[in-house]
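What follows is a short report on a single structure.
We count ligands from 1, going down the list as the structure has it; atoms in each ligand are counted the same way.
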Amino acid sequence: MTEYKLALVGFGGVNRALAQLIAERNEQWKTELGFTLKIVGVTDLFLGSVIGRQGLDANVLAQLPAVKGALAQLSGGDATALNEAVIKDSGADIIVEATFTNPVDGEPATSFCRWALEGGQHVVTTNKGPIALHGAELKALARRKHVAFEYEGSVMSGTPVIRLARQALAGSSIVGFEGILNGTSNFVLTSMEGGLGFAEAVEKAQALGYAEADPTADVEGHDVRLKVVILANELLDAKLKVSDVTCSGISSLSLGDIEKARQDGARWKLIGSAMRNADGSISASVEPRLLNNDHPLASIGGATNAVSFTSELLGAVTVSGPGAGRTETAFALLSDIISIHQSIARNQE
Ligand code: HSE
């Protein structure tokens, strides 16, 4: 039976949810997926670090108290924050990077990815920073080292948009996309339609685990801007930088604007989009748009995300599903690991 050894970098909600899934489902995965997962190291800014080459108890990790230095209480643990030894010395095959998104320089996540890839380890990540800011470099490094670098969860969490577009829509000639790519802002807009105030709705989204550490990134469109860069570079072969995408958010919308839209048979949505122009250039933006109620994206409510790809051969193909949430994003990591497993199996045929 194939067993992959994982080192978890960042142990907030997402990697904790992955540990929970491993605790509950490893046996089932043996038959369902043909592999099992073993956690051999965890490192976190707040909780400290632990290495257990023989395997750490996923259930103990999932239940770990959220107190400073908690990993130091485990055998093999210490209070060192974000310790690179967990990547380099734990014997992990796959590094599962789920630290916070830094939209300015992508650090420290980018360095973790780089060290792991340079050392010949596969990397799966949910982190938008390294992909949006350093994706081309990291992908080239992974190719050079013959290892995988997968990041399905960086856009729409576990809803499979990157792999769907890259694999199932390959050859359809995608020319653009538009989407609701931020669960928090869509949740806020839907809550405001129900009469809740902006600040209260943001707090609720934070409590449900949708929002970024700094929810300004959600409501001002900065989070969507990173996702537009990731999708455009991946699917339209664009070479966009974050600054190439014009960006405005939803914080200027009032309850009055939302009510006025309702009366007019329309809804405000935060839309991230990119389109290839006739001259081959790419235009990309993030902005609140007033959509008539019969627009396919108008009915997407709550934290749900949706993206509509426009392709030459199929026209519009729209996918909707969760775009945030701990377990949903942990599922994206699992889907990346499955993809690595399938690719290793293909190479062995
Ligand atoms: N804060 C993001 C959202 C999480 O609300 O969609 C996923 O990137």
What part of N182 sits under 4.0 Å from ligand 1 if we count only heavy atoms: the side chain, the backbone, both or neither? both
Could you go through the side chain to side chain contact (heavy atoms under 4.5 Å, CB included) check for D223 and K128 one step at a time? CA-CA 8 Å; D223 172 71; K128 296 165 284 261; 2.9 Å; yes
Considering non-hydrogen atoms of the protein only, which is the closest contact for atom 6 (O) of ligand 1, and what is the distance? G183 N, 2.7 Å
Can you tell me if M156 has a non-hydrogen atom under 4.0 Å from ligand 1? no
Which of parallel (below 30°), tilted (30 to 60°) and perpendicular (above 60°) describes W29 and F35? tilted
Crowded around Q263 CD? As in, over 12 foreign heavy atoms under 6.0 Å? yes
the protein heavy atom lying closest to atom 5 (O) of ligand 1 turns out to be T184 OG1, 2.6 Å
Distance under 4.0 Å to a non-hydrogen atom of Y210: what atoms of ligand 1 satisfy this? 1 (N), 2 (C), 3 (C), 4 (C), 5 (O)
Between H122 (side chain only) and V96 (backbone N and O only), is there a donor and an acceptor less than 3.5 Å apart? no
Contact partition for T329 relative to ligand 1, non-hydrogen atoms under 4.0 Å: neither
Would the number of heavy atoms belonging to other residues, nucleotides or ligands and lying under 6.0 Å from NZ of K139 be above 12? yes
One finds that the ligand 1 atoms under 4.0 Å from a non-hydrogen atom of D218 are 1 (N), 2 (C), 3 (C), 5 (O)
Please work out which of P322, A211, S185, G323 has its closest non-hydrogen atom nearest to atom 7 (C) of ligand 1. G323
Taking NZ, NE, NH1 and NH2 as the nitrogens, is one of them in E118 or K145 under 4.0 Å from a carboxylate oxygen of the other? no
